[in-house]
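One structure below.
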Amino acid sequence: MTRIVASAESIYADPSALLKLYVHQPESIVMSAWRGRLKGALAVTLHGRVEIVNGICLAAFRSYLTAEAMSDTLISFEEDFAEGRYFQADLLWRAALKRAANSAESIPHR
């Protein structure tokens with residue numbers, strides 16, 4: 001039997017999920033294991049990239065990370081882009097919003 005493994009390029013990972021790879025949270029171990037099973041780079045939009053950086057900084061503001069740990073974490077995040085674990089994805093916002101609107105219209109309302 002051939003096992004089919006998902007390619008990271010065909011998967012969307014929400015920035016809040018990716019943040020768990022950088023800031024320890026209850027789901028961090030599961031997220032790390034999931035990411036370890038994927039092959040290839042994950043797409044991250046510019047908006048998603050900003051959300052992750054903001055989440056790391058917020059963790060430091062809330063004292064979950066020291067200033068040094070925050071700096072190291074931000075460097076690690078940027079290294080993950082440089083080393084090809086992520087790639088900057090462009091999102092055609094107008095098309096995405098239109099598709100979302102069309103999807104919403106196709107859902108029966110009660």
Side-chain angles (χ1 to χ4, degrees):
M1 183 165 113
T2 303
R3 183 174 174 194
I4 299 174
V5 179
S7 136
E9 288 184 17
S10 65
I11 295 174
Y12 168 78
D14 189 81
S16 64
L18 294 176
L19 181 62
K20 291 166 179 37
L21 297 171
Y22 300 95
V23 176
H24 183 72
Q25 297 176 22
E27 304 88 356
S28 292
I29 293 171
V30 173
M31 186 62 188
S32 183
W34 173 81
R35 181 61 182 113
R37 290 190 302 270
L38 293 179
K39 306 292 181 212
L42 282 171
V44 177
T45 64
L46 183 58
H47 183 266
R49 194 172 188 161
V50 170
E51 283 188 66
I52 293 168
V53 168
N54 186 52
I56 293 167
C57 294
L58 181 61
F61 177 78
R62 292 180 174 167
S63 300
Y64 300 145
L65 297 174
T66 64
E68 183 180 358
M70 178 189 74
S71 178
D72 290 345
T73 303
L74 290 168
I75 289 168
S76 292
F77 180 58
E78 291 306 319
E79 285 173 349
D80 285 344
F81 271 95
E83 294 173 8
R85 290 182 193 90
Y86 302 121
F87 67 92
Q88 187 77 41
D90 290 328
L91 182 60
L92 302 173
W93 286 103
R94 188 179 308 247
L97 293 172
K98 184 173 180 156
R99 188 171 187 184
N102 290 341
S103 294
E105 289 172 3
S106 67
I107 297 172
H109 298 288
R110 294 178 192 217

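Note that the structure is a prediction, hence the values are computed from the model and not measured.
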Over all atoms of both residues, closest heavy-atom pair of Gly48 and Pro15: CA-CG, 3.5 Å

Of all pairs that satisfy side chain to side chain donor-acceptor pair (under 3.5 Å), the ones with a partner from residues 55-64, not counting sequence neighbours: none

Side chain proximity check, Val44 to Gln88, heavy atoms < 4.5 angstrom: no

Ile75 and Glu79: CA distance, side-chain angles, deciding distance, side-chain contact (heavy atoms from CB on, under 4.5 Å) verdict: CA-CA 6 Å; Ile75 289 168; Glu79 285 173 349; 3.6 Å; yes

Heavy atoms of other groups near Phe81 CZ, more than 12 under 6.0 Å: yes

Over 12 foreign heavy atoms within 6.0 Å of CD, Glu83: yes

Note, Leu19 side chain near Met31 side chain (heavy atom, < 4.5 Å): no

Which atom of Arg35 lies closest to which atom of Gly40, heavy atoms considered: NH2-O, 3.0 Å

Side-chain touch Thr66/Met70, heavy atoms, less than 4.5 angstrom: no

Contact summary for Cys57 and Leu74, nearest pair of heavy atoms: SG-CD1, 4.3 Å

Ala41 to Gly84 - nearest heavy-atom pair and separation: CB-O, 3.1 Å

Close side-chain approach of Ile52 to Ser16, heavy-atom, < 4.5 Å: no

Pairs flagged by ring pair (Phe, Tyr, Trp, His ring centres under 6.0 Å) wherever residues 20-57 is involved - sequence neighbours left out: Tyr22-Phe77

Pairwise side-chain contact, Leu18 with Leu42, heavy-atom cut-off 4.5 Å (strictly under): yes

More than 12 heavy atoms from other groups under 6.0 Å of CD1 on Ile29: no

Spacing of Thr73 atom OG1 and Leu65 atom CG [to the nearest 0.5 Å]: 5.0 Å

From CG (Leu21) to OG (Ser76), nearest 0.5 Å: 11.0 Å

Donor-acceptor pair, side chain of Ser28 and main chain of Lys20, under 3.5 angstrom: yes

